[in-house]
Asker: 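This is the structure I want to talk about, given as structure tokens.
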Amino acid sequence: MASKKAFNLEEGFTEIEALLDELESEDISIEDAFDKYSKGIALLKQCEQSIDKVEKKVLKLMEDGKTSEFEEMEK
């Protein structure tokens with residue numbers, strides 16, 4: 001079973017930029033544009049999750065000097 005590669009934020013943004021360039025092309029079909037748009041939205045969500053994770057680590061570090069992640073808060 002192949003292991004899933006960890007998401008890389010910089011690579012995600014690079015891929016989004018490439019998708020945007022392709023979407024700006026006048027030669028793109030509606031179907032292809034929709035597929036690229038969908039992929040871009042999914043990548044943006046992954047980028048947001050990655051940024052949130054790092055932000056939580058930074059906030060926790062600032063709070064007590066340790067690099068542990070926030071625990072999920074009970075509702």
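Note that the structure is predicted; figures quoted are calculated from it, not measured. Keep in mind that the numbers below use all heavy atoms, side chains included, and drop hydrogens, waters and symmetry copies.
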Asker: Going by side chain to side chain contact (heavy atoms under 4.5 Å, CB included), name the residues that satisfy it together with Val54, two or more places apart in sequence or in a different chain.
Answerer: Val58
Asker: What's the separation between atom SG in Cys47 and atom CG in Asn8, rounded to the nearest 0.5 Å?
Answerer: 9.5 Å
Asker: Using the side chain to side chain donor-acceptor pair (under 3.5 Å) criterion, which residues pair with Gln49? Sequence neighbours excluded.
Answerer: none
Asker: So, using side chain to side chain contact (heavy atoms under 4.5 Å, CB included) as the criterion, who are the partners of Ile51 when residues are at least two apart?
Answerer: Leu9, Phe13
Asker: Please report the interatomic distance NZ(Lys56) to CG(Leu59), rounded to the nearest 0.5 Å.
Answerer: 9.5 Å
Asker: Using atom types as modelled and distance alone, determine if a side-chain donor or acceptor of Ser50 lies under 3.5 Å from a backbone N or O of Gln46.
Answerer: no
Asker: Does Glu17 have any salt bridge (charged side-chain N to carboxylate O under 4.0 Å, His left out) partners at least two apart in sequence or in another chain, and if so, which?
Answerer: none
Asker: CD1 of Ile41 to CG of Leu19: how many Å apart, nearest 0.5 Å?
Answerer: 10.5 Å
Asker: Give every residue pair that meets the salt bridge (Lys or Arg N to Asp or Glu O under 4.0 Å) criterion with at least one member in residues 37-52, sequence neighbours excluded.
Answerer: Glu15-Lys39
Asker: Using residues 23-37 as the side-chain source, report each donor-acceptor pair under 3.5 Å to any protein atom, sequence neighbours left out, with the distance given to one decimal.
Answerer:
| unit_1 | atom_1 | unit_2 | atom_2 | d |
| --- | --- | --- | --- | --- |
| Ser25 | OG | Asp27 | N | 3.1 |
| Ser29 | OG | Asp32 | N | 3.1 |
| Lys36 | NZ | Glu22 | OE1 | 2.5 |

